[in-house]
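One structure is given here, and the rest of the page talks about it.
Since this is a predicted model, take the numbers as computed values, not measurements.
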2 protein chains.
Amino acid sequence: MLRQSTPADVIEYPNAYVYIVDMPGLKKDQMKVHMEYNTLVVSGERKSEREKEKEVKEGIKYIRMERRLEKYLKKFVLPENVNPEKISAVYQDGVLTVTVEKKPRPEPKKLRSIEVQVA
Amino acid sequence: MLRQSTPADVIEYPNAYVYIVDMPGLKKDQMKVHMEYNTLVVSGERKSEREKEKEVKEGIKYIRMERRLEKYLKKFVLPENVNPEKISAVYQDGVLTVTVEKKPRPEPKKLRSIEVQVA
């Protein structure tokens, strides 16, 4: 069983960071997105070596087997200005997209004018 | 623009050969399956460098960019015992599966007994 890296893009938008990970061939229950302290962990596992072995026993012949990556694992340390409660994840066409919202910026301190008293 | 190889499995079933190719992140109109003589050609192209450049201009910042594979291309020389008219392709979860049926086996020649005449 291989645990290998898969390519990812990280994009900064004005209000969020977006983590895009190639993870082809997964079903919903085969992938997991969770937080470990300040680190976003994305993982997934597809058809195992054992399942393939079972197929071979049933008379199915693997002529070429390059898709050996069965376990995906990707970790991203999140920047400080994100809200770890506001994370959403979407899987489409073998690509997992995780969006982490930024914390709203603190209100800029208003300039306060002090009226000058003329004596 | 990169044109790189993507992993594939080739499996032989009793009645067909199956070609499984990881091609995450494609829409239907971004992929193509065709025959060049006896070769099955599978190709696809996803978001181009140009589109990404446009995004960058619009204030979107690429912090990490590992998903540089934008063009997929995979070629398979088909065995002689297939029927190139019977090819079907399905794309699901970023994985393209092409099934090529085998030609039906010729009917085994029936043994013909010649009756021995006893003189």
Query raised in the report: How far apart are the C-alpha atoms of A:Thr39 and A:Leu78, what are their side-chain angles, what is the distance that settles it, and do they pass the side-chain contact (heavy atoms from CB on, under 4.5 Å) test?
Result: CA-CA 6 Å; A:Thr39 302; A:Leu78 296 185; over 6 Å; no

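- Residue contact with chain B, scored on non-hydrogen atoms closer than 4.5 Å, involves the backbone of A:Leu26 exclusively.
- For the set B:Tyr62, B:Tyr19, B:Phe76, the count of heavy-atom pairs under 4.5 angstrom toward chain A peaks at B:Tyr62.
- Residue contact with chain A, scored on non-hydrogen atoms closer than 4.5 Å, involves the side chain of B:Tyr13 exclusively.
- In terms of heavy atoms, A:Gly94 sits closest to B:Pro24 at O-CB, 3.7 Å.
- A side-chain hydrogen bond (donor to acceptor under 3.5 Å, both in side chains) with B:Tyr72 is found for exactly one of B:Lys32, B:Arg46, B:Glu45, B:Gln30, namely B:Arg46.
- Salt-bridge annotation for A:Lys102 and A:Glu12: present, with a side-chain N of the basic residue lying under 4.0 Å from a carboxylate O of the acidic one.
- Among B:Ile11, B:Val18, B:Val95, B:Val21, the residue with the largest count of heavy-atom pairs under 4.5 Å with chain A is B:Ile11.
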